Peer 1: 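Once you've had a glance at the structure underneath, I'll fire off some questions.
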Amino acid sequence: MKFKIFVAALVTSAVALPSSYSLGTPGSHAHLFSEDVTNMSFPEGFMWGYASAAYQVEGGWDADGKGESIWDYDAHNHPDWWPENQNGDIACDSYNQAAVDVELLRRQGVNTYRFSIAWPRILPDGTLNNISQKGIDYYKDLISQLKENNIEPLVTMHHWDNPRAIEDKGGFMNETIIDYFYDYAELLFKTYGDDVKWWITFNEPKQTCGGGYDYGGISPNIRNLGRGGYICAHNLLRAHAKVYRMYEQKYKATQQGRIAIVVDESWVEPASNSTADIEAAERANLMTVGWFAHPVVYGDYPEIMKQRIDSRSAQQGLSESRLPKFTEEEKIELKGTYDYLCVNMYSSVLGAAQDEAPITDISIGGDISVNQYQPDDWEKTVTSWFKVVPWGARHLVRWLRDTYGDEKGIMVTENGYHDSGNEMDDLNSRGRYHKLYLSNLNDAIYKDGVNLIGYMAWALLNDVEWYAGWQVNLGHYHVDFDSANRTRTPKQSADYYKKVVTTNCLVDSCESSTKKIKLA
Ligand code: BGC
């Protein structure tokens, strides 16, 4: 049920923080906003949290023997790719301030914290030849602090920060990464598996592979159009499957955890009701989300993806398809390698049929050949691709359910709003964004029957955006990057999100619900 309501911001109450720490002064909380928003409570057991990534918050890039990651390498060797001095060397200093972050999470009332482990912090050269005890201890300590505060750790093993030493061997272009990642993952299970019950192997492999090895934009920022992304994805998916099976065979019985991979999507909505546009949008979704979701659910890439890339490769005069093929054994190994489905969502686009891209166009975009665009009148943010499209969230999770099933549960592992990061009175922008996206997700739960099990807001803190420093940010807490202790100050969005997660309700008061999340 929808109705219009005014929501007043809550005022953050004071709590004890570590003595060395001073909290900044909150902005004024004068703003109110109104919007059509559901008054249904979220289901019992809903996982509410924040998400982060090691490189974006930790700093301590070489502290206590940490190895160099590909992002450290870029920060130091390609400073021109970054705004001046805005990189992850110190970031939010979370390496030294885990206790502060946990205290803020506790204040916010969340029951889950998604963070990533930096592979080179644990294994400085990426291999078991050199295990850093200090690195191991850092995450042990973080995990135990979370658990003491009843906050469930949700751990990403890889959020884009390959050890540089592994990249020197070719990174995801070289299949040897499969064994290195396997060793690293097994060390994580052995070390943290008694406490961590929710694992993610890879964050947004479409970005890791597309941005990393195909069209650029993500470290190692290699351009190999229409080829590199597919090779990377193939190795990454094989690594994911091997790690899933290893856990299943050796650790699951005793540790009882769950493993997933995170896909990301700018949902592609058909631009019209025409069959051509509907098919085009479906193809775009299958060749982006399905690129990764199909193999882990069904054991292979989507048929349409194989057909199109095989056919275009042949027409391009290549003796082999640019899309590698899984062996029959690999398909069996891959099929069903997920215990819950994870998706990161920020914006949406329209997809319209277009002429087939010229055959000389060797690129992922050419392979998809769908005209994807955002109308000018869609609500803008500071980032060109990022328009506010709340209904896209509902359509995306519904499509995931229809395409992949939801009996194991679907989790939104990232959702957040870009601005300059300096708006403290962000109730009408960021607060409203979360509210409207969540209202649509709530409709997906109650009106469409989607088994949505959780929502991780990106992010607790303003952090280091990839190659963008703190020019763009998404945090519910402002971070003073000029201060030695990186002072964190709550914005209005922090107060609103706190209200939501502590009441399960987006508005002043909600209809209670007997619905519970279902876990596999
Ligand atoms: C990434 C995050 C990033 C966020 C906001 C996602 O694609 O996983 O690391 O900060 O987008 O731009």
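Counting starts at 1 for both ligands and their atoms, in listed order. Computed from a prediction, not measured in an experiment: that's the story for all the values here. Worth knowing before you read on, the calculation uses all heavy atoms, side chains too, and leaves out hydrogens, waters and symmetry mates.
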Peer 1: Can you list the residues that meet the disulfide (SG to SG under 2.5 Å) rule with Cys209, with sequence neighbours excluded?
Peer 2: Cys232

Peer 1: Contact residues of ligand 1 with a heavy-atom cut-off of under 4.0 Å?
Peer 2: Gln56, His159, Trp160, Asn203, Glu204, Tyr346, Glu414, His418, Trp458, Glu465, Trp466, Leu474

Peer 1: Could you tell me which residues satisfy salt bridge (Lys or Arg N to Asp or Glu O under 4.0 Å) with Glu414, sequence neighbours excluded, listed by chain and number?
Peer 2: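 Residues passing salt bridge (Lys or Arg N to Asp or Glu O under 4.0 Å) with Glu414: Arg114.
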
Peer 1: So which atom in Ile151 and which in Tyr113 form the shortest heavy-atom distance, rounded to 0.1 Å?
Peer 2: CG2-N, 3.6 Å

Peer 1: Of Thr208, Thr413, Asn344, which meets side-chain contact (heavy atoms from CB on, under 4.5 Å) against Asn203?
Peer 2: Asn344

Peer 1: Using side-chain contact (heavy atoms from CB on, under 4.5 Å) as the criterion, list what pairs up with Ala352, not counting sequence neighbours.
Peer 2: Ala271, Asp277, Asn371, Tyr373

Peer 1: Taking all atoms of both residues into account, what is the closest heavy-atom pair of Gly475 and Asn462, and its distance?
Peer 2: N-OD1, 3.0 Å

